[in-house]
Structure formats: structure tokens, C-alpha cells
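These notes are about the structure you will find just below.
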Amino acid sequence: MSNLRFTNEYLRERVEMYFQECDKKLKPYTISGLALWLGTNRATFLRYMKNENKENTEETETMAKILQQAKARVEAYVEEQSFLNKN
């Protein structure tokens with residue numbers, strides 16, 4: 001994924017697989033973990049999420065939205081965990 005040459009359908013599947021694996025193994029959701037799962041690093045993940053590449057097409061915009069939703073899911077998880085661990 002260093003160049004993120006996935007179809008959007010495949011990207012959605014891989015993202016969902018990441019969350020399922022984390023749930024199965026009781027591992028926390030993280031952006032770095034998701035990026036690694038997709039075969040890249042956090043910086044590249046965030047660049048594609050912000051759609052900061054030279055190609056600005058409908059496909060790259062959809063990819064950015066998929067990654068934005070995944071990031072929001074990670075953030076919600078982290079916030080929920082911080083409240084659960086306060087007790």
C-alpha cells in the first residue's frame with residue numbers, strides 16, 4: 001500500500017478485516033496498526049486520507065473517505081477506552 005493501489009472495494013474489505021482481527025485478538029485499534037495492516041506507514045496513510053496526492057479523482061476521493069471513516073472509528077475506540085479505564 002505504499003502507493004495505495006487498491007480498489008476501493010478491496011480497501012474497505014482490508015479495513016474491516018483489521019478491525020475484526022483486533023476484536024478477535026483483543027488488540028486496540030490504532031492508526032499505525034491499521035496502516036501497517038494495509039502495508040504502509042502512518043504518514044502515507046494520513047496523506048492518502050487527506051487526499052494529498054497528485055491524482056484527485058472520484059476514486060481517490062472515495063479512498064480518502066474510507067480512510068477518514070476508519071480513522072474516526074479508531075478515534076471513537078480510543079475515546080471510549082479512555083472512559084472505560086477511568087474506573
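Inter-residue side-chain proximity for W37 and M17 is flagged as met; some heavy-atom pair is nearer than 4.5 Å. L67 places none of its side-chain heavy atoms less than 4.5 Å from the side chain of L46. Contact annotation: the side chain of Y18 approaches that of T30 to within less than 4.5 Å [non-hydrogen atoms, C-beta and beyond]. Within the 4.5 Å cutoff, side-chain heavy atoms of Q81 are placed close to those of L84.
Classification of R12 and E9 as a salt-bridged pair fails, no side-chain N sitting under 4.0 Å from a carboxylate O. No salt bridge links E61 with K65; every basic N to acidic carboxylate O contact stays at or beyond 4.0 Å. Between R73 and E16, at least one side-chain N (NZ, or NE/NH1/NH2) sits under 4.0 Å from a carboxylate O, which counts as a salt bridge.
For the pair P28 and C22, the tightest heavy-atom approach, listed with the atom from each and the gap, is O-SG, 3.8 Å. Taking all atoms of both residues into account, the shortest heavy-atom contact from F45 to A35 is CB-CB, 3.9 Å.
Side-chain N or O atoms of T62 include one that pairs as donor or acceptor with a backbone N or O of E58 at under 3.5 Å. One N or O on the side chain of T60 and one on the backbone of T57 form a donor-acceptor pair closer than 3.5 Å.
There is no path of hydrophobic side-chain contacts, each under 4.5 Å, that joins L36 to M49.
Taking CD1 of I31 as the reference point, atom CD of E75 lies at 6.5 Å (rounded to 0.5 Å). Atom CZ of R14 is separated from atom OG1 of T7 by 12.0 Å, given to the nearest 0.5 angstrom. Atoms CZ and CZ, on R47 and R42 in that order, are 14.5 Å from each other to the nearest 0.5 Å.
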